[in-house]
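Letters A, B, ... are given to chains in the order of the sequence lines, protein chains preceding strands, and every chain is numbered from 1.
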Amino acid sequence: EDKVVQSPLSLVVHEGDTVTLNCSYEVTNFRSLLWYKQEKKAPTFLFMLTSSGIEKKSGRLSSILDKKELFSILNITATQTGDSAIYLCAVTKNTGNQFYFGTGTSLTVIP
Amino acid sequence: ETGVTQSPTHLIKTRGQQVTLRCSSQSGHNTVSWYQQALGQGPQFIFQYYREEENGRGNFPPRFSGLQFPNYSSELNVNALELDDSALYLCASSFRGSVTQETQYFGPGTRLLVL
């Protein structure tokens, strides 16, 4: 059965800290892994990763994929209170069109 | 904002009733996917519509059905509502070409409460 597992489930840090969120997956016919940030309702797209070892970066956020060990990490440096959200990881396959989501990591950044 | 809109934003129904949720996709997108997100869970794929036909379905019973219109907007219909159908329903649009499918962009969701 296809599975996406995120850890930790929740995290509380102080402003300025650096956090690493993990996403591991077990799917057949892997195509891509995506990270989303969900603050209130709509998940907003952060990154899409298809190749191992190539870091994607956007400001203080970065992500990398390891297709051999079947995981990805999302790093956030110098966290701010506005980073407080649920971070979702999703995987797509070459067969079919659905996104397989993990349960998310709830990040709370306190001043 | 992604340009994906959903209506209504909130809805309260009772068990056994039927509900229709609506989604307008982002300009230039031809594919709409629907997800159910229960509290504390990640979104679960319900189905996807492409060229007005269902193009993939998750593990949801037939009382969950949908439509896609020529302008690529979409509806999700749920019959015989159950308490466990209470959730946030998310619509996501994307562009699907002949060889590629771009990432999905989500609407703000409809919060459904079944009493």
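Judged purely by atom type and a 3.5 angstrom limit, A:Thr79 uses its side chain to pair as donor or acceptor with the backbone of A:His14. Between the B:Gln6 side chain and the B:Cys91 main chain, a donor and an acceptor come within less than 3.5 Å of each other.
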Assess the residue pair A:Val4 and A:Glu26 against the criterion (side chain to side chain contact (heavy atoms under 4.5 Å, CB included)); give the C-alpha distance rounded to whole Å, side-chain angles, the decisive distance to 0.1 Å, and a yes or no. CA-CA 6 Å; A:Val4 179; A:Glu26 288 178 31; over 6 Å; no

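In this structure, the portion of A:Tyr36 lying under 4.5 Å from any heavy atom of chain B is its side chain and not its backbone. Looking at B:Thr110, there are no atoms closer than 4.5 Å to chain A (heavy atoms on both sides), in backbone or side chain. At a 4.5 Å heavy-atom cutoff, the contact between A:Gln38 and chain B is made by side-chain atoms alone. B:Gln37 touches chain A through its side chain: at least one heavy atom from C-beta onward sits under 4.5 Å away, while N, CA, C and O do not.
Between chain A and the residues B:Gly40, B:Gly58, B:Gly109, B:Pro43, the most heavy-atom pairs under 4.5 angstrom are made by B:Pro43.
Minimum interatomic distance between A:Glu39 and A:Ala85 (heavy atoms only, all atoms of both residues): CG-CB, 3.8 Å.
Aromatic pair B:Tyr49/B:Phe47: centroids less than 6.0 angstrom apart.
Contacts with chain B (heavy atom to heavy atom, under 4.5 Å) involve these residues of residues 101-111 of chain A, listed by number: A:Phe101, A:Gly102, A:Thr103.
The aromatic rings of A:Phe99 and B:Tyr35 lie perpendicular to each other, with more than 60° between the two planes, well past the 30° mark.
Under 3.5 Å, the side chains of A:Asn75 and A:Thr20 contain a donor-acceptor pair of N or O atoms.
B:Asp85 pairs with exactly one of B:Arg15, B:Lys13, B:Arg63 by the side chain to side chain donor-acceptor pair (under 3.5 Å) rule, that one being B:Arg63.
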